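So the structure is just underneath, and the comments pick up after that.
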Amino acid sequence: SGACTYPAAAYAFVGMLLFYIGFSTVLQLAFYTAAAKQETREARAAAASAWRTAGAADASSFIVDTPEDCMVWWLPARAAAFASKRRIAQHPVFASVNLLTSALAAAGLVHIVVAGASYMVWPWDSARSQAYGLAVGTTAAVLSEQLAQYLWHRVMHIPWFYATFHKFHHKARNPSAFDDLLIHPLEAIGFYLILFAPPGLFSIHIFGFLAYFAMHGVSGVLDHSGITVRLGSWYSTVDHDLHHKLVTANYATPLMYWDRIFGTYVGEHHPAGRAHIARALTPAAAASRNLASTPSSSPRTSLVHRRPRRD
């Protein structure tokens, strides 16, 4: 009955909040707070540059020079309480609203699934359920979500949409933990509709959906954490970090195959990516990585679209 769906929906709501807050808090403590606890400025810079995607120069702005900022919990509702987040005035409201919206979306999906109004496959009782629901259904979910998310993100870079909605997200040019929900709430609704859509469109086993959702949830936080994470050639947080700097490249996340197909991919070894990373590093760090300090003349560095006005 419908009444039986409410406890499950409540668990989903609380679980979404606990996952996001818990995972983001662990990243802050394990990286930012740990680096800021180093006794000297030089030690803090060395600790941060070992993992910070933007390099030591960016890290010095708050990890090195104002380490006390990293000792305060970066929960979105408290983001205006310390200097490293205060520079983005919309962060506390936008991130808090989006966190609640994502939790409500998770609760709503669970309500629909438990009520039997979706294509989610529950039983593990047949070869068809296993092969289709887990393999084919999960692959379809990833491919369709990634394409829809890529296209939605491209729409957000059309000048009017960028100036009205998406510019707020790009105020975090060098994201750090808890910055992934710095999105205009109306734009965020579009992303959530895409993320939670698969069970309403085609058959997918619950285990496959959980794997799909975990992949996007974890990578969404990591991509905006400012922490370098790589999984071979499949995934790198540097890719989306470069999007925040280049603006007109690397629209997909976490996998970059649609950017590769549409010609908008710029990796950290591409001339444009290397130049932007080099500018974020101290001269010694750039030299140690053998990175150019000036942009290449390669035609691909012009990147597909004119950069939107950033106001």
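Keep in mind that this is a model prediction, so the values were computed, not measured. Worth knowing before you read on, the calculation uses all heavy atoms, side chains too, and leaves out hydrogens, waters and symmetry mates.
For Tyr235, the ring pair (Phe, Tyr, Trp, His ring centres under 6.0 Å) test picks out no residue, with sequence neighbours left out. For Glu187, the side chain to side chain donor-acceptor pair (under 3.5 Å) criterion is met by His166, not counting sequence neighbours. Annotation: ring pair (Phe, Tyr, Trp, His ring centres under 6.0 Å) contacts of Trp234 (sequence neighbours excluded): none. Every residue two or more places apart in sequence or in another chain that forms a ring pair (Phe, Tyr, Trp, His ring centres under 6.0 Å) with Phe23 is listed here: Phe19. The salt bridge (Lys or Arg N to Asp or Glu O under 4.0 Å) check on Asp241 picks up Lys245, with sequence neighbours excluded.
Side-chain atoms of Asp223 and Thr237 form no donor-acceptor pair, as typed in the model, at a separation below 3.5 Å. Between the side chains of Thr25 and Trp73, at least one donor N or O sits under 3.5 Å from an acceptor N or O. Neither side chain, Asn98 nor Tyr192, offers a donor N or O lying under 3.5 Å from an acceptor on the other. In this model, no donor atom of one side chain and acceptor atom of the other lie less than 3.5 Å apart for Tyr150 and Thr253. Side-chain atoms of Tyr32 and Asp69 form no donor-acceptor pair, as typed in the model, at a separation below 3.5 Å.
For Tyr119, the OH atom sits in a loose shell: 12 or fewer heavy atoms of surrounding residues, nucleotides or ligands are nearer than 6.0 Å.
Taking CE of Met256 as the reference point, atom CG of Asn250 lies at 3.5 Å (rounded to 0.5 Å). Annotation: the span from Leu104 atom CG to Met16 atom CE amounts to 10.5 Å, rounded to 0.5 Å. Residue Ser225 holds its OG atom at 8.5 Å from CZ of Arg52, rounded to the nearest 0.5 Å. Atom OG of Ser176 sits about 8.0 Å away from atom CD1 of Ile63, to the nearest 0.5 Å. Here the CZ-CG distance, from Phe196 to Leu201, works out to 14.0 Å after rounding to the nearest 0.5 Å.
Looking only at distances, no side-chain donor or acceptor of Ser118 sits under 3.5 Å from a matching main-chain atom of Gly200. Remark: side-chain polar atoms of Gln38 are not paired, donor with acceptor, to backbone N or O of Ala47 under 3.5 angstrom. A donor-acceptor pair is defined here as one N or O able to donate and one able to accept, closer than 3.5 Å; no such pair exists between the side chain of His111 and the backbone of Ala9. The main-chain N or O of Leu75 is never found under 3.5 Å from a side-chain atom of Gln28 such that the two would form a donor-acceptor pair. Formation of a donor-acceptor pair under 3.5 Å by the Ser102 side chain with backbone atoms of Leu99 is found in this model. Although no hydrogens or angles enter the test, the distance criterion places a donor-acceptor pair under 3.5 Å between the side chain of Thr228 and the main chain of Trp51. Between the side chain of Thr66 and the backbone N or O of Glu68 there is no donor-acceptor pair closer than 3.5 Å. Of the possible donor and acceptor atoms, none in the side chain of Thr164 sits under 3.5 Å from a partner among the backbone N and O of Phe161. Listed for the Ser144 side chain is a donor-acceptor partner under 3.5 Å among the backbone atoms of Ala141.
With ring centers used as reference points, His91 lies 6.0 Å or more from Phe178. A centroid separation of less than 6.0 Å is found between the aromatic rings of His224 and His169.
Contact check for Ile204 versus Met120: side-chain heavy atoms found under the 4.5 Å cut-off. Between Pro76 and Pro92, every side-chain heavy-atom pair lies at or beyond the 4.5 Å cut-off. Under the 4.5 Å side-chain criterion, counting only non-hydrogen atoms from C-beta, Tyr20 is in contact with Asp180.
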With a cut-off of 3.5 Å and sequence neighbours excluded, list every side-chain donor-acceptor pair involving residues 210-217.
residue, atom, partner, partner atom, Å
Tyr212, OH, Leu195, O, 2.7
His216, ND1, Tyr212, O, 2.9
His216, NE2, Glu145, OE1, 2.8
His216, NE2, Gln146, NE2, 3.3

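Residue Pro199 is tested with Val121, Leu109, Ile206 for a side-chain contact (heavy atoms from CB on, under 4.5 Å); the sole match is Leu109.
Ring geometry, His153 versus Tyr251: the interplanar angle exceeds 60°, so the pair is classed perpendicular (tilted spans 30 to 60°). Ring planes of His184 and Phe168: tilted class, angle from 30 to 60°.
Clustering ILVMFWY residues whenever any of their side-chain heavy atoms sit less than 4.5 angstrom apart, transitively, puts Val110 in a cluster other than the one holding Tyr11.
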